[in-house]
Amino acid sequence: MDPRSGQRRRSHRPPPPHRIHRTPAIHRPPAAPKPAPSSSPPPPASTTPFKIENNTFRKLLGNGLTYPIPRFQRDYTWTQDDWEELWQDVQGTLQTDGETAHYLGYLVLQSADDKTFDVIDGQQRLTTITILLLAILKNLQRLIDAGNDAASNQRRLDQMRQTYIGYLDPVTLVARPKLTLNRNNNYYFQTYLAPLGRLPQRGLRASEHALRKAFAWFDQRVSEHLIATAGNEGMRLAQLGEDLSDRLFFTVITVTDELNAYKVFETLNARRVRLSATDLLKNYLFSLLDSGAESDPELRSLEDRWEFVVGRLQAENFPDFLRAHWNSRHPFARHSDLFKTIRSAVRTRQVAFELLREIEEDLDTYLALSSPEPSDWSPEDKRLAATLKLFRVRQPFPLLLAARRTFAPADFTALLRATVVISTRFNVICSYGTGEQERRYNEVAEGIANGQLTTLTDALPRLRSIYPEDQVFRSAFPNKTIRTTDSRNNKVVRFLLCAIEKHLSGQDLDFASATFNIEHVLPQNAPDGWGGIGNDDAEALLYRLGNMTLLEANRNGDLANREYGAKRSVFAQSSFAITSKLAADHAEWTPDRIAAHQNWMAHQAVALWRIPQLS
């Protein structure tokens, strides 16, 4: 039994150091960094600068210890993709044939008294798991409010709150928390989330919106879990909380001061104790292929082929390629499950040889998708692949690998164009989470790989669920804001404006050309009151797509922060149809005019980025 938590100690062995937040396997724990040789005796345990142990979430939070996140740590940043992955990890431990525990990586804590532990690394994971537990409490609260076994469920709620969240003052309803967030997030967390109260949605920081959305997302998942399982609802909710707190575990490194925290990070980054995923797979496959001394020449030949593949990709890119390759031929596998999945499927020499051959078959296509310009693809295919690269969208890669192997060239190009349209709607403008999108692409890829889908006509209807319909796209576009201070965002906006220009005038522009710039009609450095627009409104309007247009470089520099009337006369003379139309349609530049112009752009976008078979 664990003396602090009262729970049976688990004998899980975490994997060695890594830089991602989840891995599926359970291995021997990493060795602590060794001190330099010395003739002096080692220091007593009480003066050891850091210690390493494996702890479940229950052992961490289910005691009287507190975990403040230093005030100036970064804000909460996790998104739906991260929430989905964590929830899938939790679900994987609940299945009858699933993992008995799931490893969540390193936590680095700093403490001088073994009572209060500053969270140096791991705040996103601790915060999100706590939000998941609060979502469970919210579902318990609903049962209580509905009079569903209210007394028992109230006791469950109180016990879980005291164990994992902290003491709630009965008079003020202010939490006395176990976990304290940073200076920007803690007020919202303790005032609204922890008491399970009404969650305000206006006037918040982006990170506070992320906390609110995380809670709402997990609240929905917990409700769905309740519907999908049978039995007493309160007991099932309490059991879910107990299971995740017992089955999620970390390697906890506790240091005594900032210097030792730095040394720990330095050690974790510099001493790559574990094999890379690439080497791990290579060693496994070649162990299957090795049949004794008579196979040495064959193995040397295969190793040369392997190193050629890895060399062309660069070793750090191989795991991404391998996953895209695997998902283009097989049921969906997550990054964290990939090695386990391949190991389960590849158990003989024959299958290992086949995997190596298939890897070589897909290599050129993947390289062309990742770096289109050096490839031997047609100009149109290069242009479309370059657009996916610009968007940083890789979810369609398994589908495109499968289609390149099977489809006629014209069908492949049409499918590549369709993924660009979907990416523009789904990823760039609607900004949806990509988890379900990735699975849908995989399902269609699998259908192509097994021969069920042999043409574009077969495949396109299967993509309907990830193609935002015209009305949805048209509704999202007028509200889209893209900050062009980021170089990649700047290129995306140039791409969108150039595409609309081509739609209007037929001019086929190179969006990377230096002959024109993005013109912010309301200037980026506008003086307060420019055009009657105050600073607060200007901040919200500046990076709206409706406030941006194209302008020749030799005209753009002269306008600077001039009033709209002066700008309008220059816009009217522009060779760009999108810009001259702006001048013709808008005699003044106000928030209403910006909204109207962006609404007009939305109608152009719907006609421009459209798949007729799906619209």
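In this chain, residues are counted from 1 in sequence order.
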Show your reasoning for whether side chain to side chain contact (heavy atoms under 4.5 Å, CB included) applies to Leu550 and Leu509.
CA-CA 11 Å; Leu550 299 175; Leu509 302 169; 4.0 Å; yes
Nearest heavy-atom neighbours spanning Leu497 and Met548
CD2-O, 3.7 Å
Distance-only side-chain donor-acceptor flag, Thr455 / Asp458, under 3.5 Å:
yes
Kindly indicate, with the supporting measurements, whether the criterion salt bridge (Lys or Arg N to Asp or Glu O under 4.0 Å) is fulfilled by Arg334 and Asp337.
CA-CA 5 Å; Arg334 293 187 293 154; Asp337 296 330; 3.5 Å; yes
Side chain Ser580, main chain Ala577, donor-acceptor under 3.5 Å:
yes
What's the separation between atom CD in Glu208 and atom OH in Tyr76, rounded to the nearest 0.5 Å?
13.5 Å
How far apart are the C-alpha atoms of Glu438 and Thr434, what are their side-chain angles, what is the distance that settles it, and do they pass the side chain to side chain donor-acceptor pair (under 3.5 Å) test?
CA-CA 6 Å; Glu438 190 174 35; Thr434 57; 5.7 Å; no
From CA spacing to verdict: salt bridge (Lys or Arg N to Asp or Glu O under 4.0 Å), Asp585, Lys581
CA-CA 6 Å; Asp585 289 352; Lys581 179 172 177 54; 2.9 Å; yes
Atom pair CG/CD1 of Leu541 and Ile594 - distance to nearest 0.5 Å
4.5 Å
Using the ring of each side chain (for Trp, its six-membered ring), is Phe426 parallel, tilted or perpendicular to Tyr432, with breaks at 30° and 60°?
perpendicular
Restricting to non-hydrogen atoms, name the atom on Gly546 and the atom on Trp589 that form the minimum distance, rounded to 0.1 Å.
O-CZ2, 3.3 Å
Full working for side chain to side chain contact (heavy atoms under 4.5 Å, CB included) between Leu193 and Thr130:
CA-CA 10 Å; Leu193 284 178; Thr130 302; over 6 Å; no
CZ (Arg323) and OG (Ser328) are apart, to the nearest 0.5 Å, by 12.0 Å
Could you tell me if the ring centre of His597 sits under 6.0 Å from that of Trp600?
yes
If you apply the rule side chain to side chain donor-acceptor pair (under 3.5 Å), what do you find for Thr180 with Asn186, and how did you get there?
CA-CA 6 Å; Thr180 305; Asn186 194 55; 4.7 Å; no
Hey, is the main chain of Pro372 close enough, under 3.5 Å, to the side chain of Lys382 for a donor-acceptor pair?
no
Do any N or O atoms from the side chain of Asp508 and from the backbone of Lys502 form a donor-acceptor pair under 3.5 angstrom?
no
Output yes when a side-chain donor or acceptor of Arg494 lies under 3.5 Å from a complementary backbone atom of Phe511, and no otherwise.
yes
Within the 3.5 Å criterion, strictly below it, is a donor on Asn442 or His330 matched to an acceptor on the partner's side chain?
no
In terms of the angle between their ring planes, are Phe412 and Trp377 parallel, tilted or perpendicular, with boundaries placed at 30° and 60°?
perpendicular
Are the ring centres of Phe397 and His325 closer than 6.0 Å?
no
Fit a plane to each ring of Tyr192 and Tyr188, take the angle between them on a 0 to 90° scale, and name the class: parallel (under 30°), tilted (30 to 60°) or perpendicular (over 60°).
tilted
Looking at Gln598 and Asn547, would you say the former's side chain and the latter's main chain have a donor-acceptor pair under 3.5 Å?
no
Measure across Ala210 and Trp78 and return the closest heavy-atom pair with its distance rounded to 0.1 Å.
CB-O, 4.3 Å
Can Glu436 and Arg439 be said to form a salt bridge (Lys or Arg N to Asp or Glu O under 4.0 Å), step by step?
CA-CA 5 Å; Glu436 180 56 35; Arg439 286 174 180 78; 5.4 Å; no
If only atom types and distance count, is the side chain of Ser615 paired as donor or acceptor with the main-chain N or O of Pro612 below 3.5 Å?
no
Residues Arg568, Glu519; criterion salt bridge (Lys or Arg N to Asp or Glu O under 4.0 Å); working and verdict:
CA-CA 12 Å; Arg568 187 185 182 199; Glu519 164 66 17; over 6 Å; no
Closest non-hydrogen atom pair between Ile611 and Val421, with its separation
CG1-CG1, 3.8 Å
On a heavy-atom basis, which atom in Leu179 and which in Tyr67 lie closest, and how many Å separate them?
CD1-O, 3.2 Å
Yes or no on side chain to side chain donor-acceptor pair (under 3.5 Å) for Asn427 and Gln437, after CA distance, side-chain angles and deciding distance?
CA-CA 10 Å; Asn427 303 82; Gln437 183 191 44; 3.0 Å; yes
